Amino acid sequence: MKKITKWLQQAFITITVLVVAGLGMTQVAHADDGLQKIKKAGVMKVAISPDYPPYEFQMNKNGTSTDVGMDVDIVKQIAKDLGVKLEIKNMDFSSVLVAVQTGKVDMAIGGINPTDERRQSVDFSKIYYNGGQSFLISKTNASKYKNASDLQGTKIGAQTGTLQYDLAQQKISGATVVGMDKTPNLIFALKTNKVAAVGVEKPVAQAYVANDKDLKMIDSGYKLDINQTGAAIAFAKGNPELVAAVNKSIDKIENHGWIKTYLKNAGKNMSENTVDTSMLRYWHYFYSGFLNTTLIAFVSVAFGIILGIILALMKMSKFKILSWPAISYIEIVRGTPMMVQILLVYFGLGALINIPALTAGIIAVSLNSGAYVAEIIRGGITSLDKGQKEAAKSLGLNQKDTMRFVILPQAFKNIWPALGNEFISVIKESSIVSIIGVTDLVYELNIVRADTYRGIAPIVVVMVIYFLMTFILTRGLNYLEGKMNHD
């Protein structure tokens, strides 16, 4: 057991070193060649988190969704100035800077404050917009929270990993800061009195107040420098030519006063989004999420079963050269969160091989499912009577044919309910892939909430879809189980 533990530690260290080395090579590879790479490819890849109006959000028009907002208009102008096409990569805000560092994108934009801490990891353009910091409160508490000082000792919501989260911790005395990944979740928490206020940038607060009559904005009262109030574009370290080219476009935008136009366009699009906030209008969002969720679940379970069979047989092998790697893999996967595994595959492995988000999500979920399926299959095999093997041997079957024609068929019959539960779990747990921008049901849920300013209705729709998926699947699996037992 000590040897296995030691092997596990060595394996983990090796994997970590390889990932770090990969990230390092990516940083070096991008140094000083960012601009040339973009022009050679003819495409500029930009990461955004489209749930932060008016900076970036999605416009629902004529059954199609389009990324819009002030930041989207800015990067469109930059791409135009560089003479290249624009390719937008949607993902969680917590992932956009990692996407820049690992070379998944050329730059990231999204109301990103160029703080000193962030400058240690990425480079920034000049400030393109200085909005300031504010709080959103419920109108019913307007008399209670007249200014930021009244928020002392309360619960304050802020997006995880943002400047607003850090500022609330540092500057609001006695406050408990509640972090969430999505701004719509924070607004829902505010409306249900889970938090007293939500810290956001001033343009975001103004956008919500203009489109939601139940909210009110109060000034933060923070005394901050421009790096804590302004927004800039992030790049991988060591790309001075690209930064200079983008700064040139920002100067052009400022000289023509286009920021006001961009904000005006964003406000118009936001108003159009809220003219009809019925869930029927957003059916194609939910349908797209359903298709991707189904694809991820079916493909991941299929590969997971194949991988699970291999791992189960390896773990049961008498040869340690086969059993130890299987034991190590299963223990590592079962001992780490799926979110970490997805980030490792997309950003870690993706630093060496460019993997699309959907593919990375399928790979990560498949690898995770394989570890659990392996234990299910191993349990099914060990539960069989030893007489089965002896009977097969007496019939002249070799070990390979015995496993293939006698043991595995009976094992699968016994473990069918457990495999069915794993399938259902994958459908629900695969929702975590939304963190890297895979447009599954949860991802589309957050987009609809950001566009419509409705907190509960989109959640109910997605819950119903998940329930119907699992209900139909359960009935189908039960039918097959009955057929197997009958046979």
Side-chain angles (χ1 to χ4, degrees), residues 48-60 65 67-72 90-96 110-111 134-139 155-162 164-165 168 177-217 266-267 269-279 281-282 285-286 288-289 431-435 437-463 465-466:
I48 68 170
S49 179
D51 57 357
Y52 202 54
Y55 285 94
E56 53 266 326
F57 56 102
Q58 290 196 337
M59 177 72 181
N60 180 14
S65 57
D67 293 310
V68 295
M70 176 179 67
D71 286 346
V72 176
N90 294 332
M91 59 187 68
D92 269 12
F93 180 78
S94 59
S95 299
V96 295
S134 297
F135 286 105
L136 283 170
I137 62 169
S138 174
K139 266 191 177 179
K155 284 187 178 181
I156 297 175
Q159 196 172 10
T160 306
T162 62
Q164 291 75 36
Y165 186 95
V177 183
V178 178
M180 296 184 184
D181 289 334
K182 298 288 183 180
T183 302
N185 292 338
L186 291 166
I187 301 302
F188 183 59
L190 176 63
K191 288 187 171 184
T192 53
N193 297 315
K194 300 294 189 302
V195 295
V198 174
V200 292
E201 292 191 75
K202 189 175 181 180
V204 178
Q206 291 172 330
Y208 271 97
V209 169
N211 291 277
D212 194 326
K213 62 182 181 180
D214 296 326
L215 301 177
K216 183 180 179 180
M217 179 183 75
N269 288 330
M270 290 167 64
S271 297
E272 289 185 25
N273 266 353
T274 54
V275 169
D276 179 8
T277 59
S278 66
M279 294 299 98
R281 183 188 179 208
Y282 288 85
Y285 282 72
F286 299 116
S288 175
S431 61
I432 198 67
V433 298
S434 62
I435 193 174
V438 178
T439 53
D440 71 329
L441 277 169
V442 171
Y443 180 91
E444 299 293 6
L445 159 68
N446 288 318
I447 294 299
V448 173
R449 293 176 71 196
D451 287 356
T452 62
Y453 298 93
R454 298 183 66 180
I456 299 177
I459 296 176
V460 172
V461 171
V462 169
M463 284 183 65
I465 294 173
Y466 270 117

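The shown structure was predicted, so the numbers you read here are calculated from the model rather than taken from an experiment.
Nearest heavy-atom pair, Met180 versus Ala189, reported as atom, atom and distance to 0.1 Å: CE-CB, 3.8 Å. Across every non-hydrogen atom of Pro458 and Val448, the tightest pair is CG-CG1, 3.8 Å. Taking every heavy atom of both residues into account, Glu444 and Thr439 meet most closely at OE2-CB, 3.5 Å. The two residues Ile137 and Ala196 make their nearest non-hydrogen contact at CG2-O, 3.8 Å. Looking at every heavy atom in both residues, Pro203 comes nearest to Pro54 through O-CD, 3.3 Å. Heavy atoms only, all atoms of each residue included: Ser65 and Gln58 are closest at CB-OE1, 3.8 Å.
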Set out, in order, the CA-CA distance, both residues' side-chain angles and the distance that settles side-chain contact (heavy atoms from CB on, under 4.5 Å) for Tyr466 and Val442, then state yes or no. CA-CA 10 Å; Tyr466 270 117; Val442 171; 3.9 Å; yes
Would you please test Leu215 and Ile187 for side-chain contact (heavy atoms from CB on, under 4.5 Å) and show each step? CA-CA 9 Å; Leu215 301 177; Ile187 301 302; 4.1 Å; yes
Verdict with reasoning, Tyr443 to Val438, per side-chain contact (heavy atoms from CB on, under 4.5 Å): CA-CA 7 Å; Tyr443 180 91; Val438 178; over 6 Å; no
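Counting only heavy atoms from C-beta outward, the side chains of Lys139 and Asp214 never approach each other to under 4.5 Å. In this structure, Val178 and Ile156 have side chains that are not in contact, with every pair of non-hydrogen atoms separated by 4.5 Å or more. Considering only heavy atoms from C-beta on, Asn90 stays 4.5 Å or farther from Ser49 through its side chain. Within the 4.5 Å cutoff, the side chain of Leu136 has heavy atoms near those of the Val200 side chain. At least one side-chain heavy atom of Phe57 sits under 4.5 Å from a side-chain heavy atom of Asp451. Looking at heavy atoms from C-beta onward, Pro50 lies in side-chain contact with Ile447 at the 4.5 angstrom threshold. Counting heavy atoms from C-beta on, the side chains of Arg281 and Thr277 never come closer than 4.5 Å. Considering only heavy atoms from C-beta on, Met91 comes within 4.5 Å of Val96 through its side chain.
Between Thr183 atom OG1 and Leu190 atom CG the span is 12.0 Å, to the nearest 0.5 Å. Distance check, rounded to the nearest 0.5 Å: CG of Leu445 to CZ of Phe286 gives 7.0 Å. Note that the CG atom of Asn211 and the CE atom of Met270 stand 4.5 Å from one another [nearest 0.5 Å]. From Arg449, atom CZ reaches atom OH of Tyr282 across 13.5 Å, with rounding to the nearest 0.5 Å.
Of the possible polar contacts, one joining the Ser95 side chain to the Ile435 backbone as a donor-acceptor pair under 3.5 Å is found. Counting only distance, with no hydrogens or angles, the side chain of Asp71 and the backbone of Gly111 share a donor-acceptor pair below 3.5 Å.
Applying the salt bridge (charged side-chain N to carboxylate O under 4.0 Å, His left out) test to pairs two or more places apart or on separate chains, those with a residue in residues 182-206 are Asp51-Lys182, Asp92-Lys182, Lys191-Asp212.
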